[in-house]
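Convention: sequence-line order gives letters A, B, ...; per-chain numbering from 1.
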There are 2 protein chains.
Amino acid sequence: MSDLLERLRGRGWRLTAQRRVVAEVLDGGGASHVHLTADEVHARAAARLPEISRATVYNTLGELVSLGEVIEVATDGRAKRYDPNAHRPHQHLVCSRCGAIRDVHPGGDPLADLPAAERFGFTVSEVEVTYRGLCPNCAGA
Amino acid sequence: MSDLLERLRGRGWRLTAQRRVVAEVLDGGGASHVHLTADEVHARAAARLPEISRATVYNTLGELVSLGEVIEVATDGRAKRYDPNAHRPHQHLVCSRCGAIRDVHPGGDPLADLPAAERFGFTVSEVEVTYRGLCPNCAGA
DNA sequence: TCCTACGATAGACAGAGTCTAAGTCAAGAA
DNA sequence: TTCTTGACTTAGACTCTGTCTATCGTAGGA
């Protein structure tokens, strides 16, 4: 994660304690890639830096998204979730009951599946694929 | 749309003026398939039936969704949008700047693109594909 | 026509996110 | 090292979207 901070600093980011903590929280999931809501990020950040405000968390997440370091995922129309796994293209598997999210990496480029005739003049730059169903826990219950 | 109302009535739906107006508003887009937010549906319904309440619009939309007559689309993490084009499988093309939405119908079944090894025990039942980019208007500006 | 259960209503409430004004501090300059 | 400045942070009010509850109204069957 320190390389992320260095990368951001190289792009003119001022390195504050708050931003550092938010970046660390997002990276905290490690390989499991938890997809936290802004509120969860705030709660975890506040555990280390109690005076951090919600606005700062929202600002920092927004900046990370616009810098392409984090992906915003809107799976349910409720709170957005933030996915730090931005550098490897992937898709999401979402449980319709409990909301659990898993990253999946099928091969192929879904963008190629949309013929020009179906683009209606749009300049398409990305695709978001979300598979919905029941996770093993919920399917068992 | 009257066939929709008949279909719903056949399923035990009580046919009230409010429900009729909401169904007509959703159908009002016709072939263009506008994707209205709940608030927009309420505004248009209120133009015909001024005393209709927000709660009624939300209730009716929720019922139409659970009956499979309308699809709920969460493209931006803000307000959900309601898509009356539920009977023909399709995907969405969304403008990242102005939020415009278009239905597209590429061939093929995106569900087939996810190998069992990438399903992690999930019982996958549907896929949601959203292409993002700039619409012709926004790309020109 | 009458009854009654289902549906509609107003308005309070809750969650997610944005905005503003004022105070703080990271990092470059001297 | 100290100073300076503008970017960053903060509290808290505000907006928007959606839900809930108690009460009132009415569609549709008897």
Side-chain angles (χ1 to χ4, degrees), chain A residues 2 5-25 35-46 48-67 70-83 99, chain B residues 2 5-25 35-67 69-83 99:
Chain A
S2 65
L5 291 175
E6 278 314 310
R7 211 157 53 228
L8 294 170
R9 198 173 171 183
R11 292 201 233 171
W13 239 43
R14 212 184 249 191
L15 218 48
T16 67
Q18 291 84 348
R19 288 174 167 183
R20 206 184 297 263
V21 167
V22 168
E24 283 167 10
V25 165
H35 298 70
L36 301 171
T37 63
D39 213 52
E40 287 163 351
V41 172
H42 178 241
R44 296 192 185 195
R48 303 196 207 177
L49 198 65
E51 69 275 22
I52 194 172
S53 71
R54 281 190 332 128
T56 296
V57 170
Y58 277 107
N59 288 342
T60 307
L61 289 172
E63 281 154 13
L64 287 169
V65 168
S66 67
L67 289 170
V70 163
I71 295 171
E72 217 171 55
V73 187
T75 54
D76 61 352
R78 303 286 300 176
K80 292 176 201 161
R81 293 180 173 273
Y82 293 89
D83 182 349
Chain B
S2 64
L5 291 176
E6 278 314 309
R7 208 156 56 227
L8 295 172
R9 199 174 172 184
R11 291 200 234 171
W13 237 44
R14 212 185 249 190
L15 217 49
T16 68
Q18 291 84 348
R19 289 175 166 184
R20 205 184 297 263
V21 166
V22 168
E24 282 168 9
V25 164
H35 299 69
L36 301 171
T37 63
D39 212 52
E40 287 163 351
V41 172
H42 178 241
R44 296 191 186 197
R48 302 194 208 178
L49 199 65
E51 69 275 22
I52 194 172
S53 72
R54 280 191 332 131
T56 297
V57 170
Y58 277 106
N59 288 343
T60 306
L61 289 172
E63 281 154 13
L64 287 170
V65 168
S66 67
L67 289 170
E69 298 290 345
V70 163
I71 296 171
E72 219 172 54
V73 187
T75 54
D76 60 353
R78 301 287 298 174
K80 291 176 203 160
R81 292 180 175 274
Y82 294 87
D83 183 349

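For the contact set between residues 56-65 of chain B and DNA chain C, defined by any heavy atom under 4.0 Å, the members are B:T56.
To the nearest angstrom, P of D:dC8 lies 18 Å from CD of A:E51. Between the CG atom of B:D39 and the C1' atom of D:dT19 there is a distance of 15 Å, rounded to whole Å. Here the P atom of nucleotide C:dA14 and the CZ atom of B:R54 are 15 Å apart, to the nearest Å. Atom CD in B:E40 sits roughly 13 Å away from atom C1' in D:dC16 (whole-Å rounding). The separation between B:E72 atom CD and D:dT17 atom P is 14 Å, rounded to whole Å. Atom CZ in A:R20 sits about 13 Å away from atom C1' in C:dA27, given to the nearest Å. Between the OH atom of A:Y82 and the C1' atom of C:dA16 there is a distance of 10 Å, given to the nearest Å. Rounded to whole Å, the distance from CZ on A:R81 to P on C:dG17 is 10 Å.
In this structure, A:L8 CG and A:W13 CH2 are separated by 5.0 Å, a value rounded to the nearest 0.5 Å. Here the NZ-CZ distance, from B:K80 to A:R78, works out to 7.0 Å after rounding to the nearest 0.5 Å. Here A:R44 contributes atom CZ and A:E24 contributes atom CD; the two are 13.5 Å apart, rounded to the nearest 0.5 Å. We find the NE2-CG distance between B:H42 and B:L36 to be 13.5 Å, quoted to the nearest 0.5 Å. The CD atom of A:Q18 lies 4.5 Å from the OG1 atom of A:T16; values are rounded to the nearest 0.5 Å. Atoms CZ and CG, from B:R20 and B:L49 in turn, are 11.0 Å apart once rounded to the nearest 0.5 Å.
Shown here for A:A79 and A:T37, the closest heavy-atom pair between the two residues is CB-CG2, 3.9 Å.
At least one donor-acceptor pair under 3.5 Å links the side chain of A:R81 to the backbone N or O of A:H35.
Between B:Q18 and C:dT9, a side-chain N or O to OP1/OP2 separation shorter than 4.0 Å is present.
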Pick out the pairs of N or O atoms, protein on one side and nucleotides 25-30 of chain D on the other, that lie under 3.5 Å.
unit_1: D:dG28; atom_1: OP1; unit_2: B:L15; atom_2: N; d: 3.0

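Residue-to-nucleotide contacts include no donor-acceptor pair under 3.5 Å from the side chain of B:R78 to the base of C:dG17. Side-chain atoms of B:R19 and base atoms of C:dG7 include no donor and acceptor less than 3.5 Å apart.
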Solution key, residues 57-65 of chain B side-chain donor-acceptor pairs under 3.5 Å, sequence neighbours excluded:
unit_1: B:N59; atom_1: ND2; unit_2: B:A55; atom_2: O; d: 3.3
unit_1: B:T60; atom_1: OG1; unit_2: B:T56; atom_2: O; d: 2.8
unit_1: B:E63; atom_1: OE1; unit_2: B:R19; atom_2: NH2; d: 3.1

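As judged by a 4.0 angstrom heavy-atom cut-off over every strand, A:A55 is placed among the base-contacting residues.
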